[in-house]
Amino acid sequence: MTTVLVLGAGGPAGVNFIRSLRAASDEYRVIAADSNSDHLPLAAEYADMALPCPRDQMGLLEWVTNTQDEWAFGVEVDVIYAAPDRLALWLADHAELLPCAALVPSRRTVALCQDKFAAGIEFRRAGLREDYAVEIDNTVNYEASPALTEAAHKLGFPFWLRARFGAGSRASTLAPNMGAAVAWLDYWRFAHGSFDFLAEQYLPGRDFAWCSIWADGELVAAYARERVEHLYGHLTPSGRTSTPSVARIVADEAVHAVGRAAVLAVDDHPHGIFSVDLREDADRVPRPTEINAGRLHTTSLFGARTGCNLPHLYCQLALGRDVAWREPPHGALWLRHVDCNPVLVATPAMVVA
């Protein structure tokens, strides 16, 4: 029996990680942990144990390292995984201090990828982006902001605005003119406080996710999917939420090549999970927009149901075990929505195990 502790288990990414382990094997004992106890019941249905955990870093470290104590788990944890960004960075910081295995990138790599401006610089150095990236700080008067003027001059209109840090297409929108850009930035400052933004070229093409696992610099497994429709995209100004309600497995050599190159641009010896977001430019060339280092996208169950079970692979590689995997069938559709069980739609030419 392999015991896996999943941190941040109450969100979609954590729940689907656990469900993927259940789909892989009966060998797993899963402990779901989350600092938000109201979310734990969402994971408890699939886990063997669901426990609230501390939110602060040192409290969480003490809590995890006491896995042998009766007040904690009462069982020895073999593998640990962190679902959200905040905890992926925590795990990269503390992996060597924990009495269990993990497959994580370096702390430097995770922090770099969580900074979209810094990661974008590396993409451009590697020749994967040909546009400019302009950081827009928390200037009070955006109408007189030199950075915003620079963005308009270098990028032209329309250009893409988004938060420098954060997930789920945070504060993203298309700026068709200076008035719209200023209004958007002012809204976020007045409603949510000042934080840094990023202006980049608008990429109008298809939206892709390239999920991969690496071990000691070698690519072990990867597959690509296209985000066909975004969950509640019609309720956002950008039309995007980074979370698909309809996704499709694709076999696209260009996406695979750029995804791989994007990872190597931020880490010359990748180790662990690298989930790359890409979008096509006007010439249908896929361009990397960001990397979620150390964690999977929310749709890990999609891959698991089609034969590429990355959560299972993560656990086995963390324990030093070899595991076979097969590329998922191209064209498979994954449909999901709130309060609905996800549905895998197979085309007649596909055989899904």
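Just so you know, these numbers come straight off a predicted model, no measurement behind them.
- T109 and D267 form a side-chain donor-acceptor contact under 3.5 Å, judged by distance and modelled atom types alone.
- A single hydrophobic cluster is not seen to contain both L103 and L89; linkage of ILVMFWY side chains at heavy-atom distances under 4.5 Å, directly or through other members, places them apart.
- Side-chain atoms of W325 come within 3.5 Å of backbone N or O of V220 as a donor-acceptor pair.
- The hydrophobic cluster containing L91 also contains W63, counting ILVMFWY residues as joined when their side-chain heavy atoms lie under 4.5 angstrom apart, directly or transitively.
- Clustering of Ile, Leu, Val, Met, Phe, Trp and Tyr by side-chain heavy atoms under 4.5 Å joins F208 with L112, F123, L128, W210, W214, L219, V250, V255, V258, V263, L264, V266, F274, V276, L278, I291.
- A salt bridge links D252 to R206: at least one charged side-chain nitrogen sits closer than 4.0 Å to a carboxylate oxygen.
- Between C100 and V77, the shortest heavy-atom distance links the atoms CB-O, 3.2 Å.
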_Stepwise side-chain contact (heavy atoms from CB on, under 4.5 Å) test for Y232 and T243_ = CA-CA 9 Å; Y232 289 125; T243 302; over 6 Å; no
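- In this structure, H297 has its ring center at least 6.0 angstrom away from the ring center of F302.
- Aromatic ring centres of F165 and F195 lie farther apart than the 6.0 Å criterion allows.
- Among pairs with a residue in residues 6-19, none fulfils side-chain hydrogen bond (donor to acceptor under 3.5 Å, both in side chains), at least two apart in sequence or across chains.
- One side chain, T3 or R29, offers a donor N or O that lies under 3.5 Å from an acceptor on the other.
- Here the side chain of D34 pairs a donor or acceptor atom with the backbone of G10 at under 3.5 angstrom.
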*Chi angles and distances behind the side-chain contact (heavy atoms from CB on, under 4.5 Å) call for V182, W184*: CA-CA 5 Å; V182 170; W184 184 252; over 6 Å; no
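- Every residue two or more places apart in sequence or in another chain that forms a side-chain hydrogen bond (donor to acceptor under 3.5 Å, both in side chains) with R125 is listed here: E122.
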*Evaluate the salt bridge (charged side-chain N to carboxylate O under 4.0 Å, His left out) criterion for residues E135 and R164: first the C-alpha distance (whole Å), next the side-chain angles of each, then the deciding distance (0.1 Å), finally the verdict.*
CA-CA 8 Å; E135 180 188 4; R164 178 173 176 174; 2.4 Å; yes
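- At most 12 non-hydrogen atoms from other residues, nucleotides or ligands lie less than 6.0 angstrom from CE of M58.
- Between the side chain of K116 and the backbone N or O of G166, at least one donor-acceptor pair lies under 3.5 Å.
- Side chains of D216 and H269 form a contact here, defined as non-hydrogen atoms less than 4.5 Å apart.
- Results of the salt bridge (charged side-chain N to carboxylate O under 4.0 Å, His left out) test with E200 over K154, R279, R124, R287 single out R124 as the only residue that passes.
- Through chains of ILVMFWY side-chain contacts below 4.5 Å, L174 is grouped with W160, Y202.
- Under a hydrophobic clustering in which Ile, Leu, Val, Met, Phe, Trp and Tyr are joined whenever their side-chain heavy atoms come within less than 4.5 Å, directly or via other members, V79 and V15 fall into the same cluster.
- Counting heavy atoms from C-beta outward, T65 and L97 have side chains that stay 4.5 Å or more apart.
- When hydrophobic clusters are built by joining Ile, Leu, Val, Met, Phe, Trp and Tyr residues whose side-chain heavy atoms come closer than 4.5 Å, directly or via intermediates, L42 is grouped together with V30.
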*asked:* Set out, in order, the CA-CA distance, both residues' side-chain angles and the distance that settles side-chain hydrogen bond (donor to acceptor under 3.5 Å, both in side chains) for H256 and Y223, then state yes or no.
replied: CA-CA 8 Å; H256 180 79; Y223 70 95; over 6 Å; no
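- Under the 4.5 Å side-chain contact rule for hydrophobic residues, V134 and L203 do not share a cluster.
- For the residue pair R295 / S275, no side-chain donor-acceptor distance below 3.5 Å is found, with atom types taken as modelled.
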*Tell me, with the steps shown, if E27 and R22 meet salt bridge (charged side-chain N to carboxylate O under 4.0 Å, His left out).*
CA-CA 9 Å; E27 74 166 280; R22 290 288 181 239; over 6 Å; no
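- Other cluster members for F190: none, since no ILVMFWY side-chain heavy atom sits under 4.5 Å from it.
- With no hydrogens or angles considered, no side-chain donor-acceptor pair links H330 and R248 at under 3.5 Å.
- Not one N or O on the side chain of S245 forms a donor-acceptor pair closer than 3.5 Å with the backbone of R336.
- Cluster note: I121 groups with F117, L198 through ILVMFWY side-chain heavy atoms spaced under 4.5 Å, whether in direct contact or through intervening members.
- A distance-only check finds no donor-acceptor pair linking the side chain of R305 to the backbone of V343 [under 3.5 Å].
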